[in-house]
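To keep things clear, I will list the structure first and then write my remarks on it.
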Amino acid sequence: MGIKMQTSSLSFYYGEKQALANVSLKFREQEITALIGPSGCGKSTFLRTLNRMNDTIPHTRLEGEVLLDNQNIYAPDADVVAVRKKVGMVFQQPNPFPKSVFNNVAFGPRMSGNNQGVSLDEVVEGSLRAAALWDEVKDSLHKSGLVLSGGQQQRLCIARVLAIEPEVILMDEPCSALDPIATLKIEELMQELKKKYTIIIVTHNMQQAARVSQWTGFFLMGELVEYGITRDIFTNPQNKKTEGYITGRFG
Amino acid sequence: MRLSPKTTQKLAWVAIWGSGVITIFILLFIVGYVFANGVSSLSWDFLFMQPAGGLSGEGGISTVIVCTIYLVLLTIAIVTPLGVGAAIYLSEYASDNWITRLARYGVETLAGVPSIIFGLFGFALFVTVLHFNFSILSGSLTLACLLLPTMICVTEESIKIVPRAQREASLALGATKWQTIRHVVLPAALPGIITGIILCVGRAVGETACLYVTLGGSAAMPTSLLSGGRTLSLHLYYLAMDTRAFDKAMATGVILILIIIIINTLTNWLSQRYMARVRGT
């Protein structure tokens with residue numbers, strides 16, 4: 001598969017504190033890449049550089065490049081809004097808007113204002129179906145998204161992302177606030193979604209990384225320690241630190 | 001002597017319960033007193049007749065009610081967009097430097113300045129320099145200056161408590177900063193903004209000092225923004241100080257209280273309906 005997105009020598013600073021050092025990583029199309037590592041290792045910060053979410057945090061600085069289809073998204077003439085439409089994001093805590101289910105999903109298309117002849121109803125239904133939520137909410141589209149269960153809320157957030165027709169989906173520990181059954185549903189959904197999208201997931205849960213991903217990157221102290229095919233990382237890690245982490249010696 | 005936890009628990013309960021009861025009692029007493037002394041003078045004539053003005057205290061309050069409504073509507077129409085706009089600027093756009101801090105400090109200080117100072121300012125600027133004379137326009141502009149700090153503070157507080165996760169969700173979906181403010185931040189802050197408007201309406205209806213020197217006190221029916229006039233509370237003041245029509249002052253007070261209750265109920269109802277519509281039910 002082709003390379004959809006890649007970073008080269010990416011470093012990131014919060015004020016004086018360096019959070020990422022020289023991270024170079026490639027993400028393949030229609031595959032799931034998992035980023036693992038202990039708390040504070042920089043994996044979430046790294047994920048947020050991929051759709052320029054860190055731009056919203058004051059006093060931060062970035063060095064290096066992030067290429068999406070070989071275009072640097074941090075180039076001076078890059079359009080941050082266009083980048084975020086191509087690189088959608090699902091957050092750790094389900095964060096639906098305090099609006100109806102329909103208006104949550106319709107939010108992105110309404111903001112960008114181009115439906116290309118497809119009606120908003122169709123976009124909403126299609127996105128909810130793709131997020132495996134349609135059957136559960138089709139009779140309550142105009143009820144608040146906040147009355148759904150946590151797992152349903154997270155799938156609503158995924159549907160909301162799908163509605164903007166992204167090419168890459170970033171997931172920042174999407175299941176950490178969910179119970180095992182809701183987690184399983186999201187993981188099944190990811191397998192469906194990867195047929196169409198490039199997915200990058202940050203997870204605290206190594207079993208999850210092993211279950212869902214084809215590629216795994218291990219972060220420690222802001223550095224990418226090891227990167228490779230998930231099976232190899234988990235069965236035959238090349239680096240002692242990786243081995244220590246996945247066998248549970250620290251983290 | 002040390003009190004046992006059980007005793008302190010009881011004492012705290014008595015103190016808290018007591019202050020609640022006392023507060024409600026004082027409130028009911030004031031409202032009850034005004035109603036008891038005012039209701040007897042209430043009649044359709046009182047509502048629909050023009051006050052005689054001057055020292056007589058005769059007549060009704062028709063022109064006063066109309067003037068109050070004009071003044072409140074105009075004031076809110078000025079103070080809401082300005083206050084919300086300034087609050088958005090301060091909380092979302094202004095960078096954290098000494099100018100912003102100075103502006104915020106100024107806003108907070110102005111919120112504590114006595115209203116008669118605003119009245120003198122309004123008299124000097126709107127009545128005299130700008131030649132709006134004693135008029136609803138002068139009164140509204142002065143009131144707007146008085147209420148602006150309140151509106152800004154209340155709106156800014158309600159914008160601040162909109163969760164970061166909501167803003168990030170919107171930005172991550174490719175919404176611009178302004179779209180995020182318009183479609184996510186402001187709707188979530190709306191209950192707070194409504195509260196600010198209610199506060200402002202209440203203060204506008206109740207304010208006398210700064211209107212005393214900008215509104216004129218004419219008892220005639222206002223015909224334009226440049227007409228003078230008197231609001232209910234100003235009329236109440238004239239009745240109580242210049243005439244012997246204490247019963248009519250109390251009747252005016254009854255109407256004033258009723259109007260405030262109606263406005264608050266109406267605003268709450270409208271905002272709940274709006275929230276139900278945007279949030280889904």
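Note on naming: letters A, B, ... go to the chains in the order of the sequence lines (proteins, then strands), and numbering restarts at 1 for each one. FYI, side chains are in, hydrogens and waters are out, and symmetry mates aren't considered; it's all heavy atoms of this structure.
Neither the backbone nor the side chain of A:R52 comes within less than 4.5 Å of any heavy atom in chain B. Both the backbone and the side chain of A:F97 come within contact range of chain B, each with at least one heavy atom under 4.5 Å from a heavy atom of that chain. Proximity to chain B is absent for every atom of A:P166, based on heavy atoms less than 4.5 angstrom apart. No part of B:R182 comes within reach of chain A, as not one of its non-hydrogen atoms sits under 4.5 angstrom from that chain.
Nearest heavy atom pair, residue B:P187 against residue A:K99, reads CG-NZ, 4.4 Å.
Heavy-atom neighbours of B:Y105 OH from other residues, nucleotides or ligands within 6.0 Å: at or below the threshold of 12. Sparse packing is recorded around NZ of A:K196, with 12 or fewer heavy atoms of other residues, nucleotides or ligands lying under 6.0 Å away. Counting non-hydrogen atoms of neighbouring residues, nucleotides and ligands closer than 6.0 angstrom, the CD atom of B:Q9 reaches no more than 12 such neighbours.
Atom CZ of A:R110 sits about 12.5 Å away from atom CD of B:Q179, to the nearest 0.5 Å. Rounding to the nearest 0.5 Å places CG of B:L173 at 11.5 Å from CE of A:M89.
Side chain of A:N95 to backbone of B:Q166: no donor-acceptor contact under 3.5 angstrom is found.
Residues A:V81 and B:K177 have side chains not in contact (no heavy-atom distance under 4.5 Å, counting atoms from C-beta outward).
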Pair A:R84-B:E168, salt bridge (Lys or Arg N to Asp or Glu O under 4.0 Å): steps then yes or no
CA-CA 11 Å; A:R84 289 178 186 150; B:E168 290 201 334; over 6 Å; no

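Interface summary for chain A: among B:S95, B:A165, B:A169, the most heavy-atom pairs under 4.5 angstrom belong to B:A169.
Of the N and O atoms on the side chains of A:T56 and B:R167, not one donor lies less than 3.5 Å from an acceptor on the other residue.
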